[in-house]
Amino acid sequence: MESSTSSTSNFIRNIVIEDLKSGKHKEIITRFPPEPNGCLHIGHAKSIVLNFELADEFNGKTNLRFDDTNPTKEDTEYVESIKEDIRWLGYEWDGLHFASDYFEEMYNRAVLLIKKGKAFVCDLSADEIKEYRGTLTVPGKESPYRNRSIEENLDLFERMRKGEFGDGEKVLRAKIDMSSPNINMRDPVIYRISHTKHQRTGNKWCVYPMYDFAHPIEDAIEGITHSICTLEFEDHRPLYDWVVRECEMEHIPQQIEFARLNLTNTIMSKRFLKQLVDEGVVDGWDDPRMPTIAGLRRRGYTPESIRNFCREIGVAKATSTVDSQMLEHFVRDDLSAKCPRVMGVIRPIKIVITNYPEDKVEMLEVNYNPNIPEMGKRLVPFSRELYIEEEDFMENPPKKYFRLFPGNEVRLMEAYFIKCNEVIKDENGKVIEIRCTYDPETKSGTGFTGRKVKGTIHWVSAKHAVPAEMRLYEPLILDENDGEEKSFMDRINPNSMKIVNGFVEPALKDAKPQDKFQFMRVGYFNVDIKYTTNDKLVFNRIVSLKSSFKMK
RNA sequence: UGGGUAGUAGCCAAGUCGGUAAGGCACGGGACUUUGACUCCCGGAUGCGUAGGUUCGAGUCCUGCCUACCCAGCCA
């Protein structure tokens, strides 16, 4: 795996280095353990990059493991999309596993716990268990079923498995300490009854292990050395260690927690993302405004840019929110070297070059990227009528505006100098056409040095222009600017997408979905895979170009 | 008010045995420019949540305090 940005030091990497040095491990094994209940997003990418690259750096391995212990929430449809996203990001896992592959083993370990007097079947209802649990400041009370005999527990647990009880009638609980200040240790439920068909094991099971019980066993079975998860599991670590120890797992994995990714103007929770999809606020999981991997891909982000971003933001334990401009920086950085640079006008206004012959067409040979000649050239037609960018003309410009305005001369990129002489308006006073003259002496490439112009603008020959729909995006979610806290549904940006109709140069006529271009002076654009047809080009603006020009 | 974790520039973040504050993003200034892009220079903490203490020397060690986040699913 190439790495254009080297990973910076972080505390997890330091732990790995230390463990290798001390001989605690000869080889490290990490894992990425998604629950197949939704699409992967940029936050998952942080974890993926961390796990895969850490293992890669130290010649270790990384497993992909689907944590499918709750059949009521999971769906096999997500399994393939998750695999696709990981591969697209550029990673290939060593082992591919499913938590459900270990159900028998987990069951046996639970039986072991019972035999050791460390687990018991509890008949309390969910509400009662909650009551008995106590609160953050008040210790819990022991369940009246806590002291059932081992024999009875064994019998009951077996009958739970056989399906003799209904959902919620009984649970298996670890017997730890109801007065622990850590609520997770107050006899946590480790198995529940759910007569639900599982995506992979079908109706074989009606008891399913809880995360806290299942996860450490999965890690131990696979020989995971460093089980990296997010901060909210910090309180669970004592339980994680308890399970590994009491279940007498031969391999002892270590759980390490880091802060999940937060991004400005972005909502990352699966629940909210799902709501956006379900309520039709967006076009689906792959809407180009979504922070999902699928959304970023459709928007036009590259795997390299996402990887570089993930490497650069670092890994730490402090809760933080990364500026989304950081992400934008890394796409620009990556695309800058990869994309052909072409001319596209997103808000066209027509200009007529009055002294240019009616039927003349000049074919200009233009490099796709002046810095990278190997990218080749194409021919760009030039003629009497052109479209330029609406914002490249102002009738009454402010100071320091050096684009087109009455009496001013600018360069048409790769073509001639033109001078604006006349402005045509409609009955409402709106400018509908700009009339200019050109100077034949100033043709690009002729070495004309007679005079200079301050501005260079892009254009497309009207007669040859290829119409295209451009979708301009802004953040889907707006951060509350220190007002009172709003629900995220109230933070939806009504202007998150603007659809405009523009023109691109003819060389793009046959552009294919996912082809990426820099529209010079405008931004980076990706051909949309969903709405582009043979007759219609649809571009997603990936990100605009930076601009230090301030109108004012 | 129980437990857990964290506080280094506007935003991320490094900082190994205490030795005199990396890097990136953003921002500002300048150079260059047929993209107001890119690139290239220059600019930032006498300061590391805060108050004390130990020390020749503290972001690093000690004590107190403040603030923020997480935890009471038969979710993960």
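In the text below, chain A, chain B and the rest are named by the order of the sequence lines, each starting its count at 1.
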Separation of the [atom1] atoms in [N] and [M], to the nearest angstrom:
N	M	atom1	value
B/U67	B/G28	P	35 Å
B/G15	B/G23	P	15 Å
B/U20	B/A58	P	12 Å
B/C25	B/C62	P	36 Å
B/U39	B/G24	P	12 Å
B/U54	B/G2	C1'	33 Å
B/A21	B/G3	C1'	34 Å
B/A22	B/G44	C1'	15 Å

Between [X] and [N], is there a side-chain N or O to OP1/OP2 distance below 4.0 Å?
X	N	value
A/Arg133	B/G73	yes
A/Ser180	B/G3	no
A/Asn14	B/G15	yes
A/Thr264	B/C11	no
A/Ser9	B/U16	no
A/Arg332	B/A37	no
A/Lys546	B/A26	yes

Would you classify [X] as touching base, sugar-phosphate or nothing, given that sugar-phosphate means primed atoms plus P, OP1 and OP2, and contacts are heavy atoms under 4.0 Å?
X	result
A/Leu327	nothing
A/Lys400	base
A/Asp235	base
A/Thr135	base
A/Leu231	nothing
A/Val171	base
A/Glu257	nothing
A/Phe402	base
A/Val315	sugar-phosphate
A/Tyr401	base
A/Ile129	base

Hey, which of these two, A/Val138 or A/His236, hits RNA chain B nearer its 5' end, going by closest nucleotide?
A/Val138
For A/Thr321 and for A/Tyr524, locate the closest nucleotide of RNA chain B by heavy-atom distance; then report the residue assigned to the nucleotide nearer the 5' terminus.
A/Thr321
Given that both distances must come in under 3.5 Å, which nucleotide forms a Watson-Crick or G-U wobble pair with [N]?
N	result
B/U60	none
B/C40	B/G30
B/U54	none
B/U46	none
B/U67	B/A6

Could you check how far [atom1] of [X] sits from [atom2] of [N], rounded to whole Å?
X	N	atom1	atom2	value
A/Asn262	B/A6	CG	C1'	14 Å
A/Phe309	B/A26	CZ	P	12 Å
A/Leu263	B/C11	CG	P	15 Å
A/Asp479	B/C11	CG	C1'	12 Å
A/Arg192	B/A76	CZ	P	4 Å
A/Ile183	B/G3	CD1	P	12 Å
A/Met394	B/G36	CE	P	16 Å
A/Tyr132	B/A72	OH	P	21 Å

So if I take every side-chain heavy atom of [X] and compare against [options], which nucleotide ends up nearest?
X	options	answer
A/Ala316	B/A13, B/A76, B/C12	B/A13
A/Glu232	B/A76, B/A6, B/G2	B/A76
A/Thr319	B/G2, B/C69, B/A26	B/C69
A/Val189	B/C74, B/C38, B/G2	B/C74
A/Lys317	B/U5, B/C74, B/G2	B/U5

Tell whether A/Arg403 reaches the base of B/G36 with its side chain through a donor-acceptor pair below 3.5 angstrom.
yes
Can a donor-acceptor pair under 3.5 Å be found between the side-chain atoms of A/Asn182 and the base atoms of B/G4?
no
Would you say that A/Arg347 contacts A/Leu472 through its side chain, given a criterion of any heavy-atom pair below 4.5 Å between the two side chains?
yes
Side chains of A/Arg173 and A/Leu124: does their closest heavy-atom pair fall under 4.5 Å?
yes
With respect to A/Ser227, which candidate in A/Gln255, A/Gln254, A/Arg237, A/Arg31 satisfies the side-chain hydrogen bond (donor to acceptor under 3.5 Å, both in side chains) definition?
A/Arg31
With A/Asp187, the salt bridge (Lys or Arg N to Asp or Glu O under 4.0 Å) member among A/Arg146, A/Lys175, A/Lys118
A/Arg146
What closest approach, in Å, do A/Lys400 and A/Phe549 show between heavy atoms, and which atom pair accounts for it?
O-CE1, 3.8 Å
Shortest non-hydrogen pair, A/Pro216 vs A/Tyr211, comes out as CD-O, 3.9 Å
Using the rule ring pair (Phe, Tyr, Trp, His ring centres under 6.0 Å), only one of A/Tyr208, A/Phe157, A/Tyr102 pairs with A/Tyr107; which is it?
A/Phe157
Hey, what are the protein-to-nucleotides 20-23 of chain B N/O distances that come in under 3.5 Å?
none

